[in-house]
Participant: 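Pasting a structure here, questions to come.
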Amino acid sequence: MNVGIIGIGLYLPTERMTGEEIANIADIPVHIVKSKMGINEKVVAGKDDHTVQMGIRAAKEAIQNANIDPKEIDVIIYIGEEHKEYPLWTAAIKIQEEVGAMNAWAFDAQLRCGTTIMAMKLAKSLMLSDENIKTVLLAGGYRNHDFIDYKNERTRFMFNLGAGGGALILRKDVKENIVYESEIITDGSFSEDVLVPVGGTKEPLTNEHLEKGLYRLDVLDPEGMKSRLEQKSLDNFIKVIRNSIIKSGFNESDLSYIGMLHVKKSAHDYVLKAFNLDEDHSIYLSDYGHIGQIDQILSLKLALEKGKIKDGDVITLVSAGIGYAWGAITIRWGKE
């Protein structure tokens, strides 16, 4: 029984923040921002670009791209961030209403920037285990750049955070764009390294916190995290890609494209080199920044538009998210 991708949707705000602007605010050299961090410019949210609304726009495009009636959708999984229009709010149900998927049921899923990969695995499992679930919409938005303080050197590796929305439609018993196996790793030893230190039950938000600018992402032990994470992260990128390919029944030599999140350029090149691939077999998102779990959808859509993916190609989407989590999923593009 196959599960395939039948629709892709993407929404990108028109607002941009340039590498020069980041360098100026953060007081760091422009060449560091552009060359090392890999940010020519990044997408940022405009006044009306709210998190779930961006996901809704992407979902509507995916439905149109799939050429289906929204009433055919059986389940909606929200794959966007918890930083959204309202706290304590089930975003997937709002998406259900806005796209007209009146026959669906909906829920939210979360694994930070690894959510899309995880949700694809989850959607496939739902369809294979329940005969009544045939079509699943994944949709969400991201604008965590709201939590970045460009004066905080500890969060420099997150200066690439941007904004946007993405959506995929998966369907059972199709013979195109088949979703194969995934591999996910989580490592709880990093679970409290990157977080917003106030605003939760441990440290409820106060006016003083806001005045001091504490309601922002922060790294509690930057040197310790760097020494523990850097090589492990690269190794785990390789591991999840390799295991996803092997579990899917392919060889590493079959791999034609890696849809990768935005990371520093040296890490991006390291992963490609590990699979004997070059820049023609991926897209480095230096003109977009890191749009969280939307990066894989963005990379896939751009690659299709640029002709980097052809029918029959084996592609792997790969992610990493604070917490820390790494994930990859393999797809054979085109008609089976």
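In this text the structure is predicted, and so the values were computed from the model without any measurement.
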Participant: Side chain of His145, backbone of Ala45: donor and acceptor closer than 3.5 Å?
Facilitator: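 Between the backbone of Ala45 and the side chain of His145 there is a qualifying donor-acceptor contact (under 3.5 Å).
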Participant: Can you check whether Gly224's main-chain N or O pairs, donor with acceptor, with Arg228's side chain at less than 3.5 Å?
Facilitator: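 Here the side-chain-to-backbone pair exists.
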Participant: Do Lys239 and Glu183 meet the salt-bridge criterion of a basic N to acidic O distance under 4.0 Å?
Facilitator: no
Participant: Do the side-chain N and O atoms of Thr18 and Glu41 include a donor-acceptor pair separated by under 3.5 angstrom?
Facilitator: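 No, because no side-chain N or O of Thr18 sits under 3.5 Å from a partner of the opposite role on Glu41.
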Participant: Run the side-chain contact (heavy atoms from CB on, under 4.5 Å) check on Ile63 and Val99 step by step: do they pass?
Facilitator: CA-CA 9 Å; Ile63 291 168; Val99 303; 3.8 Å; yes
Participant: Of all heavy-atom pairs between Phe237 and Ala320, which one has the smallest distance, and what is that distance?
Facilitator: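 What the structure gives for the nearest pair is CZ-CB, 3.6 Å.
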Participant: Verify, without hydrogens or angle tests, whether Gln110 (side chain) and Gly80 (backbone) share a donor-acceptor contact under 3.5 angstrom.
Facilitator: yes
Participant: Please evaluate residues Val271 and Leu277 with respect to the criterion side-chain contact (heavy atoms from CB on, under 4.5 Å), reporting the C-alpha separation (whole Å), side-chain torsions for both, the decisive distance (0.1 Å), and the verdict.
Facilitator: CA-CA 9 Å; Val271 173; Leu277 299 176; over 6 Å; no
Participant: Kindly work out whether a path of hydrophobic side-chain contacts (I/L/V/M/F/W/Y, heavy atoms less than 4.5 Å apart) joins Tyr270 to Leu229.
Facilitator: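 Looking at the clustering, Leu229 is in the same group as Tyr270.
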Participant: Answer with yes or no whether the hydrophobic clustering places Ile93 together with Val52; edges join I, L, V, M, F, W, Y residues whose side-chain heavy atoms lie under 4.5 Å apart.
Facilitator: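 Shared cluster, no.
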Participant: Do Tyr11 and Asp49 pair up side chain to side chain, a donor and an acceptor below 3.5 Å, judged on atom types alone?
Facilitator: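 The answer is yes; a qualifying pair exists.
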Participant: Indicate whether any N or O donor in one side chain lies under 3.5 Å from an N or O acceptor in the other, for Ser182 and Ser244.
Facilitator: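 On atom types as modelled, these side chains do not qualify, holding no pair under 3.5 Å.
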Participant: Has the side chain of Lys84 got a donor or acceptor atom that lies under 3.5 Å from a matching backbone atom of Ala91?
Facilitator: no
Participant: Assess whether a salt bridge exists between Lys265 and Asp269, defined as any Lys/Arg side-chain N lying under 4.0 Å from an Asp/Glu carboxylate O.
Facilitator: yes
Participant: Checking Lys172 side chain against Met127 main chain: does a donor-acceptor pair fall under 3.5 Å?
Facilitator: yes
Participant: Taking 4.0 angstrom as the limit, do Lys310 and Asp313 come out as a salt bridge?
Facilitator: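 Judged by the 4.0 Å cut-off on N to carboxylate O distance, Lys310 and Asp313 do form a salt bridge.
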Participant: Search all heavy atoms of Pro13 against all heavy atoms of Ala163 and return the closest pair with its distance.
Facilitator: CD-O, 3.6 Å
Participant: Using only atom types and a distance under 3.5 Å, with no angle test, would you say the side chain of Thr316 pairs donor to acceptor with the backbone of Ile258?
Facilitator: no
Participant: Decide whether Ile56 and Met102 are clustered together by the hydrophobic rule: side chain heavy atoms of Ile, Leu, Val, Met, Phe, Trp, Tyr closer than 4.5 Å, transitively.
Facilitator: no
Participant: Checking side chain to side chain contact (heavy atoms under 4.5 Å, CB included) between Ile79 and each of Ile117, Ile297, Leu111, which is the one that passes?
Facilitator: Ile297
Participant: For Asp173 and Asn2, does a side-chain donor sit closer than 3.5 Å to a side-chain acceptor?
Facilitator: no
Participant: State whether Lys335 and Asp311 are salt-bridged, where the test is any N-O pair (Lys NZ or Arg NE/NH1/NH2 against Asp/Glu carboxylate O) under 4.0 Å.
Facilitator: no
Participant: For the pair Asp295 (side chain) and Ile291 (backbone), establish whether a donor and an acceptor sit closer than 3.5 Å, ignoring hydrogens and angles.
Facilitator: yes
Participant: Between Glu15 and Val43 (side chain of the first, backbone of the second, donor and acceptor by atom type, cut-off under 3.5 Å), is there such a pair?
Facilitator: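 Checked: no pair found.
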Participant: For the ring pair Tyr284 and His262, is the centre-to-centre distance below 6.0 Å?
Facilitator: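 They qualify: ring centres under 6.0 Å apart.
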Participant: Looking at Lys34 and Glu20, is any side-chain nitrogen of the basic one under 4.0 Å from a carboxylate oxygen of the acidic one?
Facilitator: yes
Participant: Can you tell whether the side chains of Lys124 and Glu181 come within less than 4.0 Å, N to carboxylate O?
Facilitator: yes
Participant: Assigning hydrophobic clusters by single linkage (Ile, Leu, Val, Met, Phe, Trp, Tyr; side-chain heavy-atom cutoff under 4.5 Å), is Ile185 placed with Leu122?
Facilitator: yes
Participant: According to a 4.5 Å side-chain heavy-atom criterion applied to Ile, Leu, Val, Met, Phe, Trp and Tyr, with indirect links allowed, do Ile8 and Met54 form part of one hydrophobic cluster?
Facilitator: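 No, it is not one cluster - the side chains of Ile8 and Met54 are not joined through contacts under 4.5 Å.
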Participant: Measure across Ala274 and Ile238 and return the closest heavy-atom pair with its distance rounded to 0.1 Å.
Facilitator: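 Result for this residue pair: CB-CD1, 3.3 Å.
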Participant: Answer yes or no: is there an ion pair linking Asp187 with Lys232, defined by an N-O contact shorter than 4.0 Å?
Facilitator: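 Yes, charged N to carboxylate O under 4.0 Å.
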Participant: Pairing donors with acceptors under 3.5 angstrom, does anything connect the side chains of Glu211 and Asn207?
Facilitator: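 On atom types as modelled, these side chains do not qualify, holding no pair under 3.5 Å.
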Participant: Any idea how Phe159 and Tyr150 line up, ring-wise: parallel (<30°), tilted (30 to 60°), or perpendicular (>60°)?
Facilitator: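 It falls in the tilted class, 30° to 60°.
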Participant: Below 4.0 angstrom, N of the basic side chain to O of the carboxylate: do Glu85 and Lys94 qualify?
Facilitator: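 No, no charged N to carboxylate O under 4.0 Å.
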Participant: Look at atom CG of Asn251 and say whether more than 12 heavy atoms of other residues, nucleotides or ligands are closer to it than 6.0 Å.
Facilitator: yes
Participant: Starting at CG of Leu317, measure out to CG of Leu261 and round the result to the nearest 0.5 Å.
Facilitator: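 The CG atom of Leu317 sits 11.0 Å away from the CG atom of Leu261.
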Participant: Ignoring hydrogens and geometry beyond distance, is a side-chain donor-acceptor pair present between Ser191 and Tyr324 at under 3.5 Å?
Facilitator: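 No pair is found: no donor N or O on one side chain lies under 3.5 Å from an acceptor on the other.
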Participant: Taking NZ, NE, NH1 and NH2 as the nitrogens, is one of them in Arg143 or Glu81 under 4.0 Å from a carboxylate oxygen of the other?
Facilitator: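 No, no charged N to carboxylate O under 4.0 Å.
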Participant: The test is side-chain contact (heavy atoms from CB on, under 4.5 Å); show your working for Ile241 and Phe275 and say whether it passes.
Facilitator: CA-CA 9 Å; Ile241 294 171; Phe275 294 94; 3.4 Å; yes
Participant: Would you say Gln53's side chain and His50's backbone share a donor-acceptor pair under 3.5 angstrom?
Facilitator: no
Participant: For atom NZ of Lys212, decide whether the heavy atoms of other residues, nucleotides or ligands shown that lie under 6.0 angstrom number more than 12.
Facilitator: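 Atom NZ in Lys212 is not crowded, with 12 or fewer foreign heavy atoms closer than 6.0 Å.
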Participant: Just by distance, with hydrogens left out, do Ser233 and Trp326 show a side-chain donor and acceptor under 3.5 Å apart?
Facilitator: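 Ser233 vs Trp326: donor-acceptor pair found between side chains.
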Participant: Show your working on side-chain contact (heavy atoms from CB on, under 4.5 Å) between Val179 and Met120 and close with a plain yes or no.
Facilitator: CA-CA 8 Å; Val179 177; Met120 291 177 72; 4.2 Å; yes
Participant: Using a distance-only test with no angle check, is there a side-chain donor-acceptor pair under 3.5 angstrom linking Thr135 and Arg171?
Facilitator: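 Arg171 and Thr135 do have a side-chain donor-acceptor pair below 3.5 Å.
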Participant: Measure from the side-chain N and O atoms of His209 to the backbone N and O of Thr206, and report whether any donor-acceptor pair falls under 3.5 Å.
Facilitator: yes
Participant: Between Tyr78 and Phe107, is the ring centre distance below 6.0 Å?
Facilitator: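 Ring centres of Phe107 and Tyr78 not closer than 6.0 Å.
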Participant: Is any side-chain heavy atom of Asn132 less than 4.5 Å from a side-chain heavy atom of Asp74?
Facilitator: no
Participant: If you apply the rule side-chain hydrogen bond (donor to acceptor under 3.5 Å, both in side chains), what do you find for Ser299 with Tyr257, and how did you get there?
Facilitator: CA-CA 10 Å; Ser299 182; Tyr257 183 85; 2.7 Å; yes
Participant: Taking only Lys NZ, Arg NE, NH1 and NH2, and the carboxylate oxygens of Asp or Glu, determine whether Glu305 and Lys301 approach each other closer than 4.0 Å.
Facilitator: yes
